[in-house]
Trainee: 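My questions all concern the structure below.
Just so we're clear, the structure is a prediction, and the values are computed from it rather than from any experiment. Heavy-atom basis, side chains included; hydrogens, waters and symmetry copies ignored.
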Amino acid sequence: MSDYLILIPLFPLIGFLLNGLLIGRLSRPVVSTIACASVFASFVTALLSFIELTNMPASARLIEQTLFAWIPVGELNIEFGLLVDPLSAIMILVVTGVGFLIHVYSTGYMSHDKGFGRYFAYLNLFTFSMLTLVLADNFLLMFVGWEGVGLCSYLLIGFWFERKSATDAGKKAFIVNRIGDFGFLIGMFIIFWQVQSLDFAEVMARAPHAFIAGGTLVTTACLLLFVGATGKSAQIPLFVWLPDAMEGPTPVSALIHAATMVTAGVYMIARTSTLFMMAPDALMVIAIIGAATAFFAATIGLAQNDIKRVLAYSTVSQLGYMFLACGVAAFSAGVFHLMTHAFFKALLFLGSGSVIHAMSDEQDMTKMGGLKKYLPITYWTFLLATLAISGIPFFSGFFSKDEILWKSYSSLYGHPIFWVIGVVTAGMTAFYMFRLVYMTFHGKERMDDKTRKKIHESPRSMTVPLMILAVLSVVGGYVGMPHIFGVTNYFEEWLSPVLAGHEPPTHALASTSGGGAGTEMLLMALSVLLVLIAIYTARLFYNKKPELATALRGKLTGVHKTLQNKYYIDEIYTAVVVHPLIIVSIGLWKVVDVIFIDGFINTLALLYDGISQLFRHAQTGRVRSYVTVFVIGVVGILGWLVMR
């Protein structure tokens, strides 16, 4: 039964059309009901497809639906087709499940916003675009969804367009992603040129014969696809748009960072893992960029005071982990972390939204403190998510993070340096996340009296999604428990029909039964120990003895200022890229456009104007003048005929 697949993206599209076309004509309860019900209907349909897959033999888990021939042009024959297999099934459940909770949360968070209807229309369109991306059975349809989420990010980041900072952030996200998308397009063109197809199944089947493994062409194609992923999933050097995306409403941040847009790059690489396994040099580039991004973003997170900006750099860092996993060919570990990250990162952003809601839109953590007693549900759920992202046993993030760390060390494409970078990043993650918790919920109250009097726990429409996500943040990782615990890794087995044969074996040392398990347990213990030390340090600096943090900042003023200003990357890009482009654009305008193009057109116009000025005197408007000219003409012609 494949006829129902179209319903998964269709329901949010219907919600977008209803709320979008009837903006201002529907009451807020009706708008929110349409928006939430459409995504919930998609979730139920996605769940049905997942159940159908589980009832199939592992090797035959595939549901396809072809709607129509989309682009039949010569050798290019692209159909509008949808595909559900174990990989896309996980994605659609995450997108619709977490997306539904974010929609419900938004009904409370945005209840007093004048753009209520427009907001939910955009949110439904965002969900539709992401579902199109993950359900597509070919590159071109994926690219349609890819561009759709880019458009929606622009609309939602700049949702409060009255603020210049919001419109600037929306434009920044849109432009930076266009850079990545150009790379994606060129990579796609190379694949079609070589394989004569854009259908995923055909490309993966023909690739071993069409490309030379390790060759320049397949490596170039994969690197260009990865350029697209660096834009969409905010990796070095195209990560700069994501922190600024905080200008949008907080639920939008949760949707972008947890369930939709930024995971698209990771999903695309997992979907095309056959190609990437033929390009080991491209995999190495991905691993290096992923590890560097994870570490780099974590260092910036250490010094940020905006609660949402801390979480934004945390997202960039965690995405780096996912790309590190893909780079060492541990694709299932990368997708596993994608799923668990969706749970705890959505909870962290929604929890920060609850704090901001209670604090009358204040986001500066230096003006918070002591909120634990005012916001008990927000605090405890936020704490659970913090434990999960920090990698505390046995929360969801612990299983997925340590799976990546182990594979980065033991995989055929791994290296101990990757493990060192990963574990140091894990320690920094635990430190800045508990710094956030202590500065926000513990210690001295630093808000003014007017704000303190208004602090209150969020309504149930906001707290219930927090509690559901808190449960998932705790138990969501148990489906992927590693084999060393003496259990079956169900998540890895579930993805094996899609990724089997794409993940290389571990090194000989690690693959032996005793040495491998012992080494893995030792590395896991070291990781947990470093995380616990980081948490204790954060507690000491920001709860027990905050004067220590003040003293350390005084001694490391230059380092702290550099981190707080994000290594001045935006300023460097502005000086090196933006300003030169502006200068070149002004030159093209004033020289090429004004002098050459406008000059040529204006000169031509003046020429014709001069000629017309000469001939306009023939038009006097007097009949006798016309008769005189006519007679002279006739006489002249007759004279010429006689003289012949």
Trainee: Closest approach of Thr429 and Ile389, non-hydrogen atoms and distance?
Mentor: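 For Thr429 versus Ile389, the nearest heavy atoms are CG2-O, 3.9 Å.
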
Trainee: Between Asn543 and Arg435, do the side chains contain a donor N or O and an acceptor N or O under 3.5 Å apart?
Mentor: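 On atom types as modelled, these side chains do not qualify, holding no pair under 3.5 Å.
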
Trainee: Backbone N or O of Gly108 within a donor-acceptor pair of the Ser111 side chain at under 3.5 Å?
Mentor: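 Judged by distance alone, yes, a pair lies under 3.5 Å.
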
Trainee: In terms of side-chain heavy atoms, does Thr107 have a donor or acceptor partner in Ser32 at a distance below 3.5 Å?
Mentor: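 Short answer, no.
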
Trainee: Only pairs under 3.5 Å count here: list side-chain donor-acceptor contacts from residues 467-479, not counting sequence neighbours, and write none if there are none.
Mentor:
| unit_1 | atom_1 | unit_2 | atom_2 | d |
| --- | --- | --- | --- | --- |
| Ser473 | OG | Leu469 | O | 2.8 |
| Tyr478 | OH | Phe394 | O | 3.0 |

Trainee: Answer yes if the side chains of Tyr568 and Thr562 hold a donor-acceptor pair under 3.5 Å, and no otherwise.
Mentor: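 No, no side-chain donor-acceptor contact under 3.5 Å.
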
Trainee: Centroid separation under 6.0 Å, is that true for the rings of Phe541 and Tyr438?
Mentor: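 Between Phe541 and Tyr438, which both carry aromatic rings, the centre distance is not below 6.0 Å.
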
Trainee: Distance check, rounded to the nearest 0.5 Å: Leu436 atom CG versus Phe431 atom CZ?
Mentor: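 If we round to the nearest 0.5 Å, Leu436:CG and Phe431:CZ are 12.0 Å apart.
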
Trainee: Could you grab the distance from atom CE of Met246 to atom NE2 of His257, nearest 0.5 Å is fine?
Mentor: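 Met246 CE to His257 NE2: 3.0 Å, rounded to 0.5 Å.
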
Trainee: Any ring-ring contact (aromatic ring centres under 6.0 Å, His included) involving residues 359-383? Give me the pairs, sequence neighbours left out, ordered by first then second residue.
Mentor: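 Only Tyr379-Phe441, Tyr379-His442, Phe382-Phe441 qualify under ring-ring contact (aromatic ring centres under 6.0 Å, His included).
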
Trainee: Return the minimal non-hydrogen interatomic distance between Ala298 and Ser317, and the atom names on each side.
Mentor: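 Looks like CB-OG, 3.9 Å.
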
Trainee: In a check of side chain to side chain contact (heavy atoms under 4.5 Å, CB included) between Phe434 and each of Thr537, Leu383, Val531, which one passes?
Mentor: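 Of Thr537, Leu383, Val531, side chain to side chain contact (heavy atoms under 4.5 Å, CB included) with Phe434 is met by Leu383 alone.
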
Trainee: Can Asp448 and Thr451 be counted as having a side-chain donor-acceptor contact under 3.5 angstrom?
Mentor: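 Asp448 vs Thr451: donor-acceptor pair found between side chains.
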
Trainee: Do Phe126 and Tyr122 have their ring centres less than 6.0 Å from each other?
Mentor: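 That pair fails the under 6.0 Å test.
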
Trainee: Is Glu445 paired with Lys373 through a side-chain N to carboxylate O contact shorter than 4.0 Å?
Mentor: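 Looking at Glu445 together with Lys373, the answer is yes, because their closest N to O distance falls below 4.0 Å.
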
Trainee: Do Tyr105 and Ser354 have a side chain donor and acceptor closer than 3.5 Å?
Mentor: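 No, no side-chain donor-acceptor pair sits under 3.5 Å.
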
Trainee: Distance from Ile421 atom CD1 to Ser408 atom OG, nearest 0.5 Å?
Mentor: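 It comes to 9.0 Å.
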
Trainee: Between Arg446 (side chain) and Thr366 (backbone), is there a donor-acceptor pair under 3.5 Å?
Mentor: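 Yes: the side chain of Arg446 pairs with the backbone of Thr366.
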
Trainee: Just by modelled atom types, is the Asp306 backbone N or O under 3.5 Å from a matching donor or acceptor in the Gln304 side chain?
Mentor: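 Not a single qualifying donor-acceptor pair exists.
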
Trainee: If we count only N and O atoms by modelled type, under 3.5 Å, do the side chains of Lys401 and Ser527 hold a donor and an acceptor together?
Mentor: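 Their side chains do contain a donor-acceptor pair, which is all the 3.5 Å distance test asks for.
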
Trainee: Checking Phe239 against Phe296 for the ring pair (Phe, Tyr, Trp, His ring centres under 6.0 Å) test, could you report, in this order, the C-alpha distance in whole Å, the side-chain angles of both residues, the deciding distance, and whether it holds?
Mentor: CA-CA 11 Å; Phe239 69 96; Phe296 180 80; 5.5 Å; yes

Trainee: Check for a donor-acceptor pair, side chain of Thr260 on one end and backbone N or O of Met130 on the other, with a separation under 3.5 Å.
Mentor: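 No, because the side chain of Thr260 does not come within donor-acceptor range (under 3.5 Å) of the backbone of Met130.
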
Trainee: Under the 3.5 angstrom rule, does the side chain of Asn565 hit a backbone N or O of Tyr567 as a donor-acceptor pair?
Mentor: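 Checked: no pair found.
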
Trainee: Begin with the C-alpha distance, continue with both residues' side-chain angles, and end with the deciding distance and a verdict on salt bridge (Lys or Arg N to Asp or Glu O under 4.0 Å) for Arg309 and Asp244.
Mentor: CA-CA 8 Å; Arg309 201 166 288 274; Asp244 287 1; 3.6 Å; yes

Trainee: With a 3.5 Å distance limit and no angle check, can you tell me whether Trp406 reaches the backbone of Thr519 through a side-chain donor-acceptor pair?
Mentor: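 Between the backbone of Thr519 and the side chain of Trp406 there is no qualifying donor-acceptor contact (under 3.5 Å).
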
Trainee: Side chain to side chain donor-acceptor pair (under 3.5 Å), that's the test. Do Tyr119 and Ser106 meet it? Break it down for me.
Mentor: CA-CA 9 Å; Tyr119 171 82; Ser106 296; 2.8 Å; yes

Trainee: When you compare the side chains of Thr378 and Glu457, does any donor N or O come within less than 3.5 Å of an acceptor on the partner?
Mentor: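 Present: a donor and an acceptor within the cut-off.
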
Trainee: Evaluate Glu403 against His337 for side chain to side chain donor-acceptor pair (under 3.5 Å), listing each step before the verdict.
Mentor: CA-CA 9 Å; Glu403 184 73 4; His337 197 56; over 6 Å; no

Trainee: Taking the six-membered ring where the residue is Trp, are the ring centres of His357 and His456 under 6.0 Å apart?
Mentor: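 Here the rings of His456 and His357 have centres that are less than 6.0 Å from each other.
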
Trainee: Determine whether the aromatic ring centres of Phe226 and Phe323 lie less than 6.0 Å apart.
Mentor: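 Under 6.0 Å, so yes.
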
Trainee: Are any side-chain N or O atoms of Thr574 and backbone N or O atoms of Asp570, one a donor and one an acceptor, separated by less than 3.5 Å?
Mentor: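 A pair under 3.5 Å: yes.
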
